[in-house]
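Residue numbers start from 1 in every chain, and the chains themselves are labelled A, B, ... in the order their sequence lines are given, proteins ahead of strands. Just the heavy atoms: all of them, side chains too, but no hydrogens, waters or symmetry mates, feed the values below.
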Protein chains: 2
Amino acid sequence: MNNVQEESLRDQKKFRRRLQILEVARGIIASKGLRSLKVRDVAEAVGCSVGSVYNEFGDFDGVILTVNRETVRALTVRLESVPGEDPVRQLYGLAATYLDFFAEHANLLRSLFEHRMEDDRPYPDDILQMVMGAFALMHPPLVRLLPDADDVKIALLSRTLFSAVHGIISLGLEERMVAVPPQMLRQQVEQFLDAHLAGLGILPLQ
Amino acid sequence: MNNVQEESLRDQKKFRRRLQILEVARGIIASKGLRSLKVRDVAEAVGCSVGSVYNEFGDFDGVILTVNRETVRALTVRLESVPGEDPVRQLYGLAATYLDFFAEHANLLRSLFEHRMEDDRPYPDDILQMVMGAFALMHPPLVRLLPDADDVKIALLSRTLFSAVHGIISLGLEERMVAVPPQMLRQQVEQFLDAHLAGLGILPLQ
DNA sequence: TTATGAAATGAACAATGTTCAAGAAGAATC
DNA sequence: GATTCTTCTTGAACATTGTTCATTTCATAA
């Protein structure tokens, strides 16, 4: 027995198909919304039977949740790439990056936030943790900007601030609701941060 | 022909049933979530056939949308009942009232914000208008507090601020996401307003 | 009372998630 | 390489649920 990961032909095919299913599912959600995602469409596009989808993911929620997991992972990567030299600039960068990501992948993010599980099964904890982790990315710059504040309070503030930005962006991009032009939305988010950081006693960008 | 509204026996029964259907549907959404709402369950609980539901509402979306319409109407009534003598107090009152209403009717509000139409039919415009109207209720107090500001800017600010509060509350009440204790959430919203109004140059409550 | 037309009915249909017995295919053993 | 074993794949059948519509029911009008 080799301690290197055995890559049997069967495993390879299985893995390749798994990726195909996810790719197709993500494409459908992104382009036509979560409600338009159907098992049979996915199976046909991938070229396998519906049974194989179930075999790989257990149930349909499994496919959706895996796509959601990758969405929040990609979001986190993007947010973590925001430069962190200047904490104020970092806060603005996080908000702007979230806006860009949301605008690019609106339906994927809606799937992440709006999907309800069948029956009353709990939402997978690892996804919740990842979302919380992303929302906590405002924590480090806030710590630097408010060195005297209680750490627990800053954790709360970080979540509050990110939730507020999320509300502004998600409703602003809800074309059916508001239809704020993207450029105006960007400005709106910036002005929001201007006022809020000022209120926290944080000096704006020069 | 009497110009008084004819109330034929047929119309009475029709109207009574319409109310019953809505009552049952709202109850199911409120207690078990939109995903648990089924035509047959509603029909059985009301004591009529599924055909009657369709006869009255056209399709199932019609039932949901009518419930949503009443939800936003009730929300508006509650928000309009917030005292308006002191504009600062009014802003805090609007946020606190929204929090209370959301906490009491979480599933109904989620139905309002998360329901996607079948196919790509547009969301009814009157509901969107009512939501926008509710979110504009911060406008009058903000005008009083910022007498020198451009009215269009205040309209934007009102929507931004309410959207932010919505984000904080809707994510905060998403037990699966965060599970913020209600009392802490109330405090969170207040502190958020404290900071933001301060940033806008508005003096806090004495 | 009878005729009329609108409303109610619910069986049948359609779309879609889910299961599972049978078969196919790779892996293991000889 | 043949055989056996294990696992995966298949897709027909089933279950659930939204939707339709020919038929029946029933309040109203004549």
Side-chain angles (χ1 to χ4, degrees), chain A residues 1-2 4-22 24-25 28-29 32-68 111 115-121, chain B residues 1-2 4-22 24-25 28-29 32-68 111 115-121:
Chain A
M1 178 69 178
N2 200 336
V4 171
Q5 182 71 25
E6 286 286 352
E7 266 298 315
S8 66
L9 192 132
R10 180 178 274 163
D11 289 346
Q12 287 177 37
K13 288 174 73 172
K14 192 175 161 69
F15 186 66
R16 185 157 39 233
R17 172 133 75 202
R18 182 184 175 86
L19 294 188
Q20 285 180 55
I21 291 173
L22 291 175
V24 168
I28 293 175
I29 295 176
K32 299 191 294 183
L34 181 57
R35 273 198 77 161
S36 299
L37 187 66
K38 317 286 175 186
V39 212
R40 284 170 178 76
D41 292 347
V42 173
E44 189 180 8
V46 169
C48 71
S49 66
V50 294
S52 290
V53 177
Y54 277 80
N55 194 44
E56 185 63 32
F57 292 95
D59 59 10
F60 207 48
D61 271 355
V63 181
I64 298 167
L65 291 174
T66 308
V67 170
N68 287 351
S111 168
H115 176 58
R116 307 280 154 189
M117 304 285 287
E118 195 61 56
D119 306 315
D120 290 325
R121 277 180 296 181
Chain B
M1 179 71 178
N2 199 334
V4 170
Q5 181 71 27
E6 286 286 353
E7 267 298 317
S8 66
L9 193 138
R10 183 179 273 163
D11 288 347
Q12 287 177 38
K13 287 174 74 173
K14 192 175 160 70
F15 185 66
R16 184 158 39 233
R17 174 133 77 199
R18 183 184 172 86
L19 293 187
Q20 283 179 53
I21 291 172
L22 290 175
V24 168
I28 292 175
I29 295 176
K32 299 190 294 183
L34 182 56
R35 272 198 77 161
S36 299
L37 187 66
K38 317 287 175 186
V39 212
R40 284 170 177 76
D41 292 348
V42 173
E44 189 180 11
V46 169
C48 70
S49 67
V50 294
S52 291
V53 177
Y54 277 80
N55 195 40
E56 186 62 32
F57 292 95
D59 60 10
F60 207 47
D61 271 354
V63 181
I64 298 167
L65 291 174
T66 306
V67 170
N68 286 353
S111 169
H115 175 57
R116 308 280 154 189
M117 304 284 288
E118 195 61 55
D119 306 314
D120 289 325
R121 278 179 296 182

Subject >> Distance in angstrom units between A:Glu56 CD and D:dT10 C1', rounded >> reply: 15 Å
Subject >> B:Phe15 CZ to C:dA7 C1', straight-line distance once rounded to whole Å >> reply: 17 Å
**OP:** May I ask you to verify if any side-chain N or O of A:Arg18 is less than 4.0 angstrom from the OP1 or OP2 atom of D:dC8?
**Re:** no
**OP:** Could you tell me whether a side-chain N or O of A:Arg116 sits under 3.5 Å from a main-chain N or O of B:Arg35, the two making a donor and an acceptor?
**Re:** no
Original post:
Is the side chain of B:Asp59 donor-acceptor paired with the backbone N or O of B:Tyr54 at a distance under 3.5 Å, no angle test?
Top reply: no
Original post:
Quick one: A:Lys13 NZ to D:dT9 C1', roughly how many Å, whole number?
Top reply: 9 Å
Original post:
Expressed in angstrom and rounded to an integer, what is the separation of B:Arg35 atom CZ from C:dT16 atom P?
Top reply: 14 Å
**OP:** Whole angstrom is fine here: how far is it from CZ in B:Arg17 over to P in C:dA8?
**Re:** 5 Å
**OP:** Could you tell me whether B:Glu56 and B:Arg17 make a salt bridge, using a distance below 4.0 angstrom between a side-chain N and a carboxylate O?
**Re:** no
**OP:** Considering just the side-chain nitrogens and oxygens of A:Ser49, establish if one lies under 4.0 Å of OP1 or OP2 belonging to D:dT9.
**Re:** no
**OP:** Let me have a per-nucleotide readout for nucleotides 15-25 of chain D, 5' to 3', with B, S or -, counting only protein heavy atoms under 4.0 Å.
**Re:** --BBBB-----
**OP:** From the options A:Val63, A:Val24, A:Val67, select the one residue that forms a side-chain contact (heavy atoms from CB on, under 4.5 Å) with A:Ile29.
**Re:** A:Val67
Subject >> Basic-acidic side-chain contact under 4.0 Å: A:Asp11, A:Arg18 >> reply: no
Subject >> Interatomic distance, A:Arg16 CZ vs D:dC8 P [rounded to whole Å] >> reply: 16 Å
Subject >> Distance, rounded to the nearest Å, where B:Lys14 contributes NZ and D:dT28 contributes P >> reply: 14 Å
Please set out all donor-acceptor pairs under 3.5 angstrom arising from side-chain atoms of residues 43-52 of chain A, sequence neighbours excluded.
from    : atom 1 : to      : atom 2 : distance (Å)
A:Ser49 : OG     : A:Ser52 : N      : 3.4
A:Ser49 : OG     : A:Ser52 : OG     : 3.4

Subject >> Close side-chain approach of A:Phe57 to A:Ile64, heavy-atom, < 4.5 Å >> reply: no
**OP:** Grab the CD-C1' distance between A:Gln12 and C:dA27 for me, whole Å please.
**Re:** 14 Å
Subject >> Any B:Asn55 side-chain N or O less than 4.0 Å from OP1/OP2 of C:dA8 >> reply: yes
